[in-house]
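Can you keep this structure in mind? I'll have questions shortly.
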Amino acid sequence: MDFNNEKAIYLQMADRLCDEILSGVYKADDRIPSVREYAVMLSVNTNTAVKAYEQLAREGVIYNKRGLGYFVAEDARAHIMDVRRRDFMEKRLPEVFREMRLLGINMEDVERMWKDTPLS
């Protein structure tokens, strides 16, 4: 995984795991890779992976079964979507609108692009 300097690595790892939950790689009550496995997979220090897992556990996205590992919480997908939608609507979208106004882009341009852009 390529990390950027805009956000702490453990938060980027947490985001990636959330992306995997949203995309269906991991479903409710699925076991996720151990902290060590995930650290090796992403070539990071185990302590960094521990921080990512602790963050997700605090948020209720994953839970620990002592001796068995970490699992995806029942409502993890809905929780992630709620948090990300709120973040998008409150932080990203206002910046997009500001940029659109500066560049003279209207909603019809956006709608046309929306219709012409295939899902990846």
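As the structure is a computational prediction, the values presented were derived from the model and not from experiment. One-based numbering along the sequence shown.
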Which heavy atom of A52 sits nearest to which heavy atom of A14, and what is that distance? CB-N, 4.1 Å
Is there a continuous path of hydrophobic side-chain contacts, each under 4.5 Å between heavy atoms, that joins V110 to F88?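 V110 and F88: one cluster.
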Report the C-alpha distance between Y26 and I62 in whole Å, list the side-chain angles of each, state the deciding distance to 0.1 Å, and finish with yes or no for side chain to side chain contact (heavy atoms under 4.5 Å, CB included). CA-CA 11 Å; Y26 303 112; I62 61 174; over 6 Å; no
Would a 4.5 Å heavy-atom cut-off, applied to side chains only, mark V61 and H79 as touching?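 In short, these two side chains touch, coming nearer than 4.5 Å.
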With heavy-atom distances below 4.5 Å as the criterion, would you say the side chains of L56 and C18 are in contact? yes
So, taking the atom named CZ in R85 and the one named CG in L93, what distance separates them when rounded to the nearest 0.5 Å?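 That separation rounds to 13.5 Å.
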Going by an N to O cut-off under 4.0 Å, is there a salt bridge joining R98 and E95?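 Yes.
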Output, in order, the C-alpha distance, side-chain angles, deciding distance and verdict of side chain to side chain contact (heavy atoms under 4.5 Å, CB included) for V83 and E59. CA-CA 10 Å; V83 168; E59 293 175 8; over 6 Å; no
Transitive ILVMFWY side-chain link L68 to Y63, under 4.5 Å: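 As far as the 4.5 Å side-chain criterion goes, Y63 and L68 are connected within one cluster.
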Would you check, one step at a time, whether the test side chain to side chain contact (heavy atoms under 4.5 Å, CB included) holds for N45 with K51? CA-CA 10 Å; N45 184 293; K51 284 178 74 172; over 6 Å; no
To the nearest 0.5 Å, atom CD1 of I80 lies from atom CZ of R77 at 8.5 Å
According to a 4.5 Å side-chain heavy-atom criterion applied to Ile, Leu, Val, Met, Phe, Trp and Tyr, with indirect links allowed, do M81 and L11 form part of one hydrophobic cluster? no
Measure the CG-CD1 distance between D15 and I9 for me, rounded to the nearest 0.5 Å. 13.0 Å
Charged N to carboxylate O below 4.0 Å: is that the case for D19 and R84?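 Result for this pair is yes, salt bridge flagged.
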Tell me whether I21 is reachable from V35 by hopping between hydrophobic residues (I, L, V, M, F, W, Y) whose side-chain heavy atoms are closer than 4.5 Å.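 Yes, one cluster joins them.
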Mind telling me whether Y70 and Y53 have parallel, tilted or perpendicular rings, with 30° and 60° as the class edges? perpendicular
Taking the side chain as everything from C-beta on, heavy atoms only, tell me whether M100 gets closer than 4.5 Å to M107.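 Sidechains of M107 and M100: in contact.
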In terms of side-chain geometry, is the basic nitrogen of D109 or R112 positioned less than 4.0 Å from the acidic oxygen of its partner? yes
Would V25 end up clustered with M41 when hydrophobic side chains under 4.5 Å apart are linked, directly or stepwise? yes
Inter-residue atom distance M13.CE - T48.OG1, 0.5 Å rounding: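 Interatomic distance, M13 CE to T48 OG1, rounded to 0.5 Å: 7.0 Å.
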With a 4.5 Å heavy-atom cut-off, do Y38 and L17 have their side chains touching? yes
For the CZ atom on R101, are there more than 12 heavy atoms of other groups (residues, nucleotides or ligands in this structure) within a distance under 6.0 Å? no
Counting only heavy atoms not in R92, do more than 12 fall under 6.0 Å of its CZ?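 Not buried by this count: 12 neighbours or fewer within 6.0 Å.
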Do E20 and I32 make a side-chain contact, defined as non-hydrogen atoms from C-beta onward lying under 4.5 Å apart? no
